[in-house]
Amino acid sequence: MAAVAYFDHAASTPMHPEVVEVMREFFEGCYANPTGAHRMARDARRATDDARDILAEALGARPAEIVFCGSGTEGDNLAVFGTAGEASPGGSGGTVVCSAVEHPAVLRPVEQLGGRVVGVDRGGMLDLDALAAALDGDVRLVSVMLANNETGVVWSLAEVAEVMARHAPGALLHTDAVQAFPWLDVAALATPADLISVSAHKFGGPKGVGALVVRDGVRLQAQIVGGGQEAERRGGTPNVAGIVGVGRAAEITVSRRAETVERVGRLRDRLADGLRAAVDGVIESGVHPASGAGAPVDRSAKVAGSCHLCFEGVESEALLFLAERGGVYASAASSCASGAEDPSHVLAAMGYPRSLARGSLRLSLGAASSEADVETALAVLPPAVAQLRRAAA
Ligand code: PLP
């Protein structure tokens with residue numbers, strides 16, 4: 001494939017070569033089912049236990065609290081469906097609550113259960129007063145993400161937990177930390193959470209492997225039942241190679257995180273500042289000020305890899321087409337939404353008019369992003385926007 005400037009790391013980021021290497025052994029050599037009794041099975045079991053230890057430490061959990069599963073989506077579903085039906089110790093009901101900007105992996109389950117959805121402000125921050133109003137003794141679970149997959153905006157779980165302690169003290173707190181883990185110390189920031197979900201392919205691990213932290217004492221109803229794997233919380237033969245891969249990817253992510261955040265944050269700022277300077281009529285989400293060139297921009301509410309812009313008078317689909325032609329791969333909203341015909345629910349919740357949301361572009365950077373990528377984007381995107389505006393005039 002020709003070299004591309006890849007700005008879709010929030011959708012999926014490349015695997016670290018060390019992860020590919022360490023997984024190979026579990027496809028080719030140690031291929032046994034880890035539940036078996038013989039030596040190869042014991043080796044496979046030991047490898048998954050080691051990965052469990054590493055991931056637990058990275059998430060501030062105990063190894064027994066880790067439930068390996070098949071994706072971030074599955075972990076989110078398990079958190080919501082798996083706790084909603086369990087009566088709380090105080091005998092409260094099964095009402096579930098989430099924010100309006102959750103990933104569909106949380107939002108859909110909450111909607112299916114007839115739950116309550118809490119709004120955000122124009123900057124993408126959770127409305128804590130609305131959260132307080134949505135809580136009562138019937139609430140079983142509150143699910144709020146740590147970092148948003150479209151805007152990159154980060155929330156304080158400590159503040160959420162404080163509101164919950166006052167208005168729904170018996171409720172559990174779940175956080176979708178899928179987009180947070182590459183950038184933030186989840187172990188520290190998710191301390192108040194009873195359940196935490198992550199996904200390997202967002203931080204240099206393989207696709208199709210996720211994990212849900214289920215704190216000791218939290219009652220969880222398995223959604224896949226069978227052989228009793230993962231301490232009866234998720235049936236199915238474990239994906240040994242994938243689990244080994246997620247362990248190694250977590251280790252690498254944590255050990256390099258400070259350097260990555262520093263370096264990628266600088267690249268992101270150069271990209272966003274450069275686009276704001278080169279193009280009029282750009283709104284950058286989750287920052288202050290949201291528009292205008294030249295003045296220093298405060299991006300401290302966002303993860304380092306996130307650059308999310310809306311171009312007035314432009315359709316994202318057309319912009320993505322021209323971007324790709326210039327070798328720039330990006331996305332309109334999250335990887336699950338489908339472009340201009342379907343403006344993002346996140347931007348709608350933030351009060352963006354449909355006309356502006358239709359021109360959204362998510363440029364998400366990752367550990368592998370380079371200065372050359374940024375320079376390519378800065379050379380390709382401004383003329384593409386100008387071309388589309390001319391065509392529409
Ligand atoms: N949650 C968030 C915030 C995400 O960004 C994603 C993927 O984009 C998911 C959950 C789903 O993860 P997976 O792709 O592993 O199913």
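We count ligands from 1, going down the list as the structure has it; atoms in each ligand are counted the same way.
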Logged contact type for D76 with ligand 1, heavy-atom cut-off 4.0 Å, is side chain
So for D176 against ligand 1, with non-hydrogen atoms under 4.0 Å, the contacting part is side chain
Q. Could an N or O of ligand 1 be found under 3.5 Å from any N or O of M145, whether backbone or side chain?
A. no
Sorted by chain and residue number, the salt bridge (Lys or Arg N to Asp or Glu O under 4.0 Å) partners of E232 (sequence neighbours excluded) come out as none
Sorted by chain and residue number, the salt bridge (Lys or Arg N to Asp or Glu O under 4.0 Å) partners of R299 (sequence neighbours excluded) come out as D269, D273, E284
Sidechain N-carboxylate O distance under 4.0 Å for R116, D136:
yes
Carefully, step by step, assess F81 and L113 under the rule side chain to side chain contact (heavy atoms under 4.5 Å, CB included).
CA-CA 8 Å; F81 288 128; L113 292 167; 3.8 Å; yes
Min over E150, E74, H103 of heavy-atom distance to atom 4 (C) of ligand 1 lands on H103
At under 4.0 Å between heavy atoms, what of S71 touches ligand 1? The answer is both
Original post:
If you measure only the distance, is there a donor-acceptor pair under 3.5 Å linking the side chains of S197 and H174?
Top reply: yes
Applying a strict 4.0 Å limit to heavy atoms, is H201 in contact with ligand 1? yes
*Would F68 and E230 count as a side chain to side chain contact (heavy atoms under 4.5 Å, CB included) if you check the C-alpha gap in whole Å, the side-chain angles of each, and the deciding distance to 0.1 Å?*
CA-CA 7 Å; F68 284 116; E230 296 298 296; 3.8 Å; yes
Taking only non-hydrogen atoms of T73 and a 4.0 Å limit, the atoms of ligand 1 in range are 11 (C), 12 (O), 13 (P), 16 (O)
